[in-house]
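What follows is one structure encoded as C-alpha cells, with my remarks underneath.
Residue numbers begin at 1 in each chain, while the letters A, B, ... track the order of the sequences. Bear in mind that the values here come from a model prediction, so they are computed numbers and not experimental data. Below, all heavy atoms of this structure are taken into account, side chains as well, without hydrogens, waters or symmetry copies.
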Amino acid sequence: MAQTLQFCPPPSLSSQPILHTMQRSPPVQTFKLPQKSLNFQTLKDICKDGNLRETFLSFSNLLTFQNPHQVLADEAYSITLDLCARKEALTQGQQIHAHILTSGFTSDMVFLSTKLVFMYGKCGSLTNARRLFDQMPQRTTFTWNALIGSYVSNGQPNEALELFREMQLQRIAVDACTFATLLKACATLKDPNFGPAIHGLAVKSGFGSSVFVVNSLVAMYAKCGDVSRSRQLFDRMLERGDVVTWNSIISAYSLQGQPLEALKLFREMQNAGVSMNSYTVVGTLQACQELSFAKLGMEIHNALLKLGRNLHIYEANALLVMYARCGRMDEAVRVFQQMDNRDDISWNSMLSGFVQNGLYEKAIKIFHEMQDAGQKPDQVSVINIVSASGRLGTLLNGMECHGYAIKHGLDSYLQVGNTLVDMYAKCCCVIYMGRVFNKMPDKDYISWTTAIAGYAQSCCYLEALRLFREAQVERMQVDALMIGSILLACGGLRYIPHVKQIHNYVTRHGLFDLVLANTIIDVYGECGEIEYASRIFESIENKDVVSWTSMISCCIHNGLANEALDLFYDMIDTGIAPDSIALISILSAAASLSALSKGKEIHGFLLRGGFSLEGSIASSLVDMYAKCGTIDYSYKLFDRITHKDLVLWTSMINASGMHGHGREAMALFTRLKETDLIPDHITFLAILYACSHSGLIEEGKRYLEIMRSEYQLEPWPEHYACVVDLLGRANCLDEAYRFVKSMPIQPTAAVWCALLGACRVHSGHELGEIAARKLLELEPENPGNYVLVSNVFAAMQRWKDVDGVRIRMKTMGLKKNPACSWIEVGNEVHSFTTRDRTHPLNEEIHLNLAQITEKLEREGGYVPETKYVLHDVGEEEKVKMLYGHSERLAIAFGLISTPEGTPIRITKNLRVCGDCHAFTKLISRFFKRELVVRDANRFHHFQGGVCSCGDFW
DNA sequence: GTAGGGTTAG
C-alpha cells in the first residue's frame, strides 16, 4: 500500500528564527513512497544517478521509516542537499531545510548549515545564504568558502573580496579553495591590482603551487589581459598539471585572439596523453572561429559524434557559434536541429549567427520560432533582432521589436537602448532616434557616439554638433569615432573654423590616427581647403590607399582633375595598389577632364589588375566613356557586362541622355523593365533628363506619370525641375509655369533655375523676372544664380538691373566662375580661359584662329552674333569678346596639333554660347573634322555642319 | 565527511 508524505514547512517552524531566512514558502509537493524499503546505500546510488525525484522518494523513505539514527540522517541530508545544489533545485532544498529544523535529528549543525549555505548559494538565493551564515554561532573555513563562492557565482565579486577581508580580520584559517574562489572573483573584476595581490597572499600562505590555485591564476591573468603571465605559470606547472591546467591555457589563448597558439597547445595536450573533456572541446572550438581553422572544428565535431553520446549543451552551443562565425549557417542549423536540449544561449547564438551572416529574414523567423518554442527572448535576443531590423532598414519591423522590448521591460538595458538608437538611425528616422536617446535612463559613450553619428549621417549636422557639446558637458569619453562624425557634420556645414578647431583638438589629445587623418583630408577637401588637406596628406608618414584616395577626391572636388591624375600615378609609383574606390575616383577625374586616353589607360589598368568589370567599376567606366565623348564605347561595354545592376542601367540611360540619344535611352528603359530590377528615383531622373535633352515632351510627361502611378515613387524636386526644363526648352513657358504652380511640394531653386534658363532662351521676360526673384530668394549665396539672373536682364536690355545684380553679388563677396575649356592632346590636358595668352603655342593659336575666322566668314558666311555677348559694351568690343571665348582657343589649338581628319574633343565648364555653336558647326563642315564638345550640360557632336543637339540645348 | 580551478550568446 502506497503511503504519501507531504513536504512543506510545518506551521511551528514560523516561530523559529532560522525560518526568517526563507524568502518564500515552498509550494506543497507530494511524492508517493515506494512500497519496497530502501537502505542508505540505495539512496547514495540513486543520488549518484542525479534523478531528483527518485532521490527524494528514497530520502523520505529512509528518513522516516528506515533509519532513525542521527549520524546516518546527517549524511542523508548532506547528499540530498548536494544534489539540490547541483540541480539548482531551490524548492526542494528549502524543503530539506525545513525538514532538518523539524526533525531534530542533526548532530552537527555547523556541518549541515554549511551545506545549506552552499545549497542556497548554488540555487541563486544569496539572501538566504547570507542570513543563515550570519545566524550561525560557529563557522568553519568551509562555511566562509561556501559564502564567498556564492557571491562569486552570483556575480558579486566585490562582496566576495569584502568577505575575505572580514575573514582575515577574524583570523580564520584559509585554504586553497579560498584562493581559487577569490581568484575567480578577480578574473571577473578584471582589475589589474586585485589579482596579483591575491596571488601574492596565496604564495605567502603556502598555496602558490596548489594545482587548483595555479589553474585559477592561469585563467585570471588571461582574463586580465596578461596571457604571457598565464603562460609562465602554465609552463612551470606542466609536469604536475591536470586537464584543467590545459583547458585554462587553451581558453586563455582563444580568449586573447591567438587561435594558432591555442590549437598548438590542443595538439600538445593530445600528444601528452591527457584526455579532453567538454571544457577542452569548448575552448578549442573557440579557437576555430576563423574560416581557416574551420576544418579542425569539424574534426572535433566528428570526434564528438563518434563518442556516441549526446552532446553537452556547452559543446553544442560552442559548435553553433563556431559554425556561425565561419559563415556555415547550414551546419549551425543542423547542429541546432539535433540538440535535445536548447537553452537561451542556443537560441541567441542562432539568432546572432543569422544576423552576423546578413541573413536578416531568417533572424526574424527564428526570433518568432523561439517564442513558439516557449523560450522567452531576453535582452540579448532583442539586441540582435533590433540590429537585424536596422540593417534591413525596415522601420516597421524595427518599431515592432522596440514595442516588444518595452512590453517585456527590456528597453531599459543600456545595450538595447544603444541598438535601438542605431536602428532608428539606420532606418533614417532621426526623430525617433532622438526620442529613444533622450529617454535612455543610462547612457555610455557608445550611446552618444551612435546618436551623434546618426545625426551626422542623416545630414542633421547642427543636431550632431549640439549633442557633441552636451557629451562634453557630461564629460563623456571622446574617441576617434565621435570625432569622425563631428568632422562629417562640420564638413557638411562647411564650418571651416570648426574643422580647424577639431583638427587642433585631435592633435592636442593625441587622437590623430591614420583613419582620422584621412577623414580630415576628406573634410578639408569638401570645404575647399586644398592647402590644409594637402598639408595633412604630406605629413602622413605611412599613407595608405585611403589617404591617397582622399587627396585625389579632394582635388577632383575642387576642380583639380589634372592634379588628381598626377597623384594617382604618384601613388602607383610609391608601390601602393589602387583599390576599386581609388579607381572609381580616378575614372571620374578622367571623365571630368574628358581625358579619353587617360580613361582608356585606367581601363587597361583595371583589366590588368584583375578587377572584374561589374558593380560600381562598370558604371564608372560607362560614365567615363560617355563623358569623354565616346558613347559608342559605353554601349559596347554595357552590352558585354553580364550582371547588370540598376546603377549600370541608370548610368547607361544617363549617358545616352547627355549625348542626345533620347530614343536609345527610352529603349534602354524598356529593356530594363523586362529584367527583375525595379527603376528607382535616380533611374527616372536619368530618363527625364534624356527626354528633356532630346525634346521628347510627351514622353517625359508620361515617365513622370508612371513614376508615380506604376512605381509609387514620389518625385523629388529634381524630377520636377527636369520636367520644367523639358517644357521650357520646348518653348511651352506658360505650361511650365502652370506646372511649377501645381507642384505638390515647394519648388526648389533648381526648379526656378530651369524655368529661368528657358525664359532667357525664349525671351519670357515677365516670367523670367518672377523666376529670378524666387531663385535669389532661395539661394542667395550661389554665384551661378546671379550670373544667370544678370544674363536674363541683359537679354532684356535692362542694363540697370544687370548692374544691380552685379553690385549685390559683389557686396556679398561672390565671384563668378571663370569660363574654361580644355582639350587632351598627346596624353596631356591643355586648358584655356577666356582670352588666354599663356599657352606656349599662344602666337600660333591666335594666328590660326584669325585665319579660321576669316575663312569661315568668306566661305561659310559666318557673321558674329553679338547678342550672345551679355555685356554693355560697343559692337566692336563684343566681337572681340566672342573671338576670345575659351572653346575657340581650344579648337584652334586642336586643329594645329592633331592630324587632319581626326576627331577633336573639347570640354567646357560652362554652357556653350550660341555664336560659338554656329562657329563650331561651320568648322566641322569646312575643315572636315568631327568635333565633340561637352559643355556644362550635355554633349554636342558636330559633323558636316550640323550638331547632334539639333540646335536645341 | 563537504568544495574549490577551466566553457557558450552581445
Side-chain angles (χ1 to χ4, degrees), chain A residues 71 74-75 77-79 81-82 85-86 108 110-119 121-122 140-150 152-153 174-184 187 202 207 210-220 222-223 230 233-234 237 241-252 254-255 276-286 289 311-322 324-325 342-356 377-387 413-416 418-419 446:
Chain A
V71 176
D74 271 1
E75 196 160 355
Y77 285 130
S78 167
I79 61 170
L81 278 173
D82 280 347
R86 211 162 80 217
D108 189 348
V110 178
F111 175 71
L112 272 189
S113 295
T114 302
K115 277 274 163 203
L116 281 165
V117 170
F118 175 70
M119 181 276 294
K122 284 282 175 196
T140 63
T141 301
F142 283 110
T143 324
W144 287 85
N145 286 350
L147 191 61
I148 291 176
S150 305
V152 177
S153 55
V174 289
D175 61 11
C177 172
T178 320
F179 288 111
T181 317
L182 287 171
L183 286 168
K184 197 177 175 182
F207 298 102
S210 145
V211 65
F212 278 111
V213 173
V214 178
N215 291 345
S216 310
L217 283 167
V218 171
M220 182 276 291
K223 284 195 179 138
S230 301
L233 289 158
F234 171 80
M237 193 65 189
D242 58 6
V243 60
V244 179
T245 324
W246 286 97
N247 293 343
S248 304
I249 196 71
I250 291 173
S251 294
S254 289
L255 189 83
M276 58 173 178
N277 61 18
S278 67
Y279 286 84
T280 328
V281 170
V282 174
T284 311
L285 284 176
Q286 269 186 297
Q289 294 177 0
L311 293 182
H312 296 153
I313 199 153
Y314 272 96
E315 292 168 340
N317 288 347
L319 279 170
L320 291 183
V321 174
M322 187 270 296
R325 296 256 165 93
R342 300 181 186 116
D343 62 4
D344 49 342
I345 294 181
S346 324
W347 285 98
N348 284 341
S349 300
M350 288 305 286
L351 183 52
S352 82
F354 284 128
V355 177
Q356 279 160 16
D378 63 0
Q379 74 277 17
V380 178
S381 330
V382 168
I383 288 167
N384 276 298
I385 201 69
V386 170
S387 154
Y413 281 95
L414 178 62
Q415 287 97 327
V416 172
N418 288 348
T419 318
I446 296 176

| query | Are any of A/Lys122's side-chain N or O atoms less than 4.0 Å away from OP1 or OP2 of B/dG4? | reply | yes
| task | Please work out whether the ring planes of A/Phe179 and A/Phe207 are parallel, tilted or perpendicular, with thresholds of 30° and 60°. | result | tilted
| task | Evaluate whether atom OH of A/Tyr413 has more than 12 neighbouring non-hydrogen atoms of other residues, nucleotides or ligands under 6.0 angstrom away. | result | no
| said: So, OP1 or OP2 of B/dG6: does either fall under 4.0 Å of a side-chain N or O from A/Ser251? | reply: no
| What is the nucleic acid contact for A/Ile383, judged by heavy atoms within less than 4.0 Å: base, sugar-phosphate only, or nothing? | sugar-phosphate
| query | Are OP1 or OP2 of B/dG10 and a side-chain N or O of A/Gln356 less than 4.0 angstrom apart? | reply | yes
| note | Closest to the side chain of A/Asn348, out of B/dA3, B/dG6, B/dA9, is B/dA9
| Considering only side-chain heavy atoms of A/Ile345, which listed nucleotide, B/dT8, B/dG10, B/dG4, is closest? | B/dT8
| message | Just to be sure I understand the rule, does A/Val321 reach a base, reach only the sugar-phosphate, or reach nothing, if contact means heavy atoms closer than 4.0 Å? | response | sugar-phosphate
| query | Looking only at side-chain N and O atoms, does A/Arg325 come under 4.0 Å of OP1 or OP2 in B/dG10? | reply | yes
| Just checking A/Ala318: base, sugar-phosphate only, or nothing, at a heavy-atom cut-off of under 4.0 Å? | nothing
| query | Which residues satisfy the side chain to side chain donor-acceptor pair (under 3.5 Å) test with A/Ser153, sequence neighbours excluded? | reply | none
| query | B/dG10 phosphate, OP1 or OP2: any side-chain N/O from A/Gln379 under 4.0 angstrom? | reply | no
| Does the ring of A/Phe111 meet both stacking tests against the six-membered base ring of B/dG1: centre distance under 5.5 Å and plane angle under 30°? | yes
| task | Between B/dT7, B/dA3, B/dA9, spot the one nearest the side chain of A/Phe118, thanks. | result | B/dA3
| query | Taking OP1 and OP2 of B/dA3, is either one under 4.0 Å from a side-chain nitrogen or oxygen of A/Lys184? | reply | no
| How is A/Glu315 classified with respect to the nucleic acid when contacts are heavy atoms under 4.0 Å: base, sugar-phosphate, or nothing? | nothing
| query | So, for A/Thr419 and A/Ile383, which heavy atoms are closest and what is the spacing to 0.1 Å? | reply | CG2-O, 3.4 Å
| For A/Asp175, salt bridge (Lys or Arg N to Asp or Glu O under 4.0 Å) partners two or more places apart | none
| task | Look at all strands and tell whether A/Asp175 reaches a base, only sugar-phosphate, or nothing, counting heavy atoms closer than 4.0 Å. | result | base
| task | Under 4.0 Å between any heavy atoms, over every strand shown, what does A/Val213 touch: base, sugar-phosphate, or nothing? Just pick one. | result | nothing
